[in-house]
There are 2 protein chains.
Amino acid sequence: MAETARQIADDLRARISSGELTPGDRLPGEPALVRDYGVAKETARRALTLLVDEGLAVRRRGSGTYVREFRPIPRVANKRLAKDGWGAGKSIWDADLGDREYTVSDLQVYESEAPRQVARLLELSEGEPVIVRSRRYLVEGEPVQQATSYLPAKQVRDSPIAQPDPGEGGIYRRLADLGLEPVRFSEELRARMPSQEETALLAVSAGTPVVEICRTAFTADGRPIEVNQMLLNAGVYVMQYHLES
Amino acid sequence: MAETARQIADDLRARISSGELTPGDRLPGEPALVRDYGVAKETARRALTLLVDEGLAVRRRGSGTYVREFRPIPRVANKRLAKDGWGAGKSIWDADLGDREYTVSDLQVYESEAPRQVARLLELSEGEPVIVRSRRYLVEGEPVQQATSYLPAKQVRDSPIAQPDPGEGGIYRRLADLGLEPVRFSEELRARMPSQEETALLAVSAGTPVVEICRTAFTADGRPIEVNQMLLNAGVYVMQYHLES
DNA sequence: AAGTGGTCTAGACCACACC
DNA sequence: GTGTGGTCTAGACCACTTA
């Protein structure tokens, strides 16, 4: 009788990976497990919690617990290179935005002091002013990503970059207008579990990590011109990179 | 009285982010929480579980629950480009392998049939033979990564690539010897929670995701020559990419 | 209204760590 | 041995979903 919750979870996991239960299917509920395995409700609950924590199942209050579905959105880091010679877009997870579209929400643009980390990356002194552009991206009404850009205020303050709408082509086009076109990018990625606030911000379901990306953009002469900190709902994204050596 | 477990977790989380409790510190244990908050043991336990699931805390049986530490190892996707013009190795998470070293463990080399996904990426028919190279990487004795490479058997079967020790320079050097040098790479990343087996395989602690990477290597004429599927302990890695546009 | 998940209690027994 | 986490039970009450 030892490890009953784990045993039940193992059973259910086996039924999922065998294909008996497919994504979207309803799992046996807590009362059903209590009946079938003769355990206490809390034990049945713990079994389901294990699957939820693994990201295999999703709970819907009042309705049931379901096998999770995964239909990822591709995030292509370097679109320009992604043309051909890289398997022409072949993917293991058949990632596809399809007809879904990005919507920008909660856009905020303001001037502020550079946080310590950002100041270091931008080669600024601590507390130097930066233009901050923060926004959330939605797909089909669901928040999937939060992004905050930092640019040195002294260089972009008087440009459209400091305005909510930077105009056609976005801030990179405007940087080019200023002779500060970014041509090299450095990205750092880290995956972790979200905090409480982040869970709400990105509507992340239990058992789903987030991916934190910090991207620094450099001009042709190697000077950092923008730092972009992103937070992605990992249940929704596949990141793609194309590299040349 | 509502939401007691979450309340307690919030308190502890606040004490962590305020710096009162720093990485490595011992959190109040279950008995202490029972006493201080006047709750049942299971409730105190649930509070700590919330923090563990967020990756903020680690449990050590018989000892206590501790604030987690994060000292990441950098995984630089394109070392050759990483020289300069990219902030000279500046990093937000001060990732550093330091004097720690990689060890290879559980190396297995064998011929087998290509799994469906791999066959598609390698442009092989389903079931065509591939050379499989599977290994685990350890750092300071701890497993941090699992990697499995697939190469078309018809092209590499008679080379050192099919041997456990492919010799100086590794399999990429040997591919070059065969006129099949990989010059372009495509990587797909996904973060998720590990399965039971993966948790054991990589010694992942609770509340830590894994990162699944699928890398396809292409020769100069754009033909796929290797697929490498990796699984990283996300609590230990920071991924770095350098891109040119 | 019935069914499902969400939270909590008060007790039990076990396994492991540390002194 | 004492303290810590690990698992489980049997009951309670609540909130939400679905029909």
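Keep in mind that the numbers below use all heavy atoms, side chains included, and drop hydrogens, waters and symmetry copies. Nothing here was measured: the structure is a model prediction, and the numbers come from that model. Within every chain, numbering begins at 1; the chains are lettered A, B, ... in the order of the sequence lines, protein sequences first and strands thereafter.
Remark on the helix from C:dA1-D:dT18 to C:dC18-D:dG1: inter-end axis angle 10°, axes from five-pair C1' superpositions, rounded to 10°.
With sequence neighbours excluded, no residue satisfies side chain to side chain donor-acceptor pair (under 3.5 Å) with A:Gln196. Shown here are the salt bridge (charged side-chain N to carboxylate O under 4.0 Å, His left out) partners of B:Glu187, two or more places apart in sequence or in another chain: B:Arg75, B:Arg215. The side chain to side chain donor-acceptor pair (under 3.5 Å) check on A:Ser134 picks up A:Gln146, with sequence neighbours excluded. With sequence neighbours left out, the salt bridge (charged side-chain N to carboxylate O under 4.0 Å, His left out) criterion links B:Asp10 to B:Arg13. Listed by chain and number, the residues in a salt bridge (charged side-chain N to carboxylate O under 4.0 Å, His left out) with A:Glu111 are A:Arg157 (sequence neighbours excluded). Under the rule for a salt bridge (charged side-chain N to carboxylate O under 4.0 Å, His left out), the partners of A:Arg6 that lie at least two apart in sequence or sit in another chain are A:Glu3.
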Name every donor-acceptor pair, under 3.5 Å, that has one atom in a side chain of residues 19-30 of chain B and the other anywhere in the protein, sequence neighbours excluded.
| residue | atom | partner | partner atom | Å |
| --- | --- | --- | --- | --- |
| B:Glu20 | OE2 | B:Arg15 | NE | 3.1 |
| B:Glu20 | OE2 | B:Arg15 | NH2 | 3.2 |
| B:Thr22 | OG1 | B:Asp25 | OD2 | 3.4 |
| B:Asp25 | OD2 | B:Thr22 | N | 3.0 |
| B:Arg26 | NE | B:Ser63 | O | 3.2 |
| B:Arg26 | NH2 | B:Ser63 | O | 3.4 |
| B:Glu30 | OE2 | B:Arg45 | NH1 | 2.6 |

Atom pairs and distances, donor-acceptor, side-chain atoms in residues 55-62 of chain B, under 3.5 Å, two or more places apart:
| residue | atom | partner | partner atom | Å |
| --- | --- | --- | --- | --- |
| B:Arg59 | NH2 | B:Thr49 | OG1 | 2.5 |

Tabulate atom names and distances for all N/O pairs under 3.5 angstrom spanning the protein and nucleotides 12-19 of chain D.
| residue | atom | partner | partner atom | Å |
| --- | --- | --- | --- | --- |
| D:dA15 | O3' | A:Arg61 | NH1 | 3.4 |

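Within residues 30-40 of chain B, the residues approached by DNA chain D to less than 4.0 Å at the level of any non-hydrogen atom are B:Glu30, B:Pro31, in residue-number order.
Residue pairs meeting the salt bridge (charged side-chain N to carboxylate O under 4.0 Å, His left out) criterion with at least one member in residues 135-147 of chain B, sequence neighbours excluded, are B:Asp106-B:Arg136.
Spacing between atom CZ of B:Arg46 and atom C1' of D:dG5 amounts to 16 Å, rounded to whole angstrom units.
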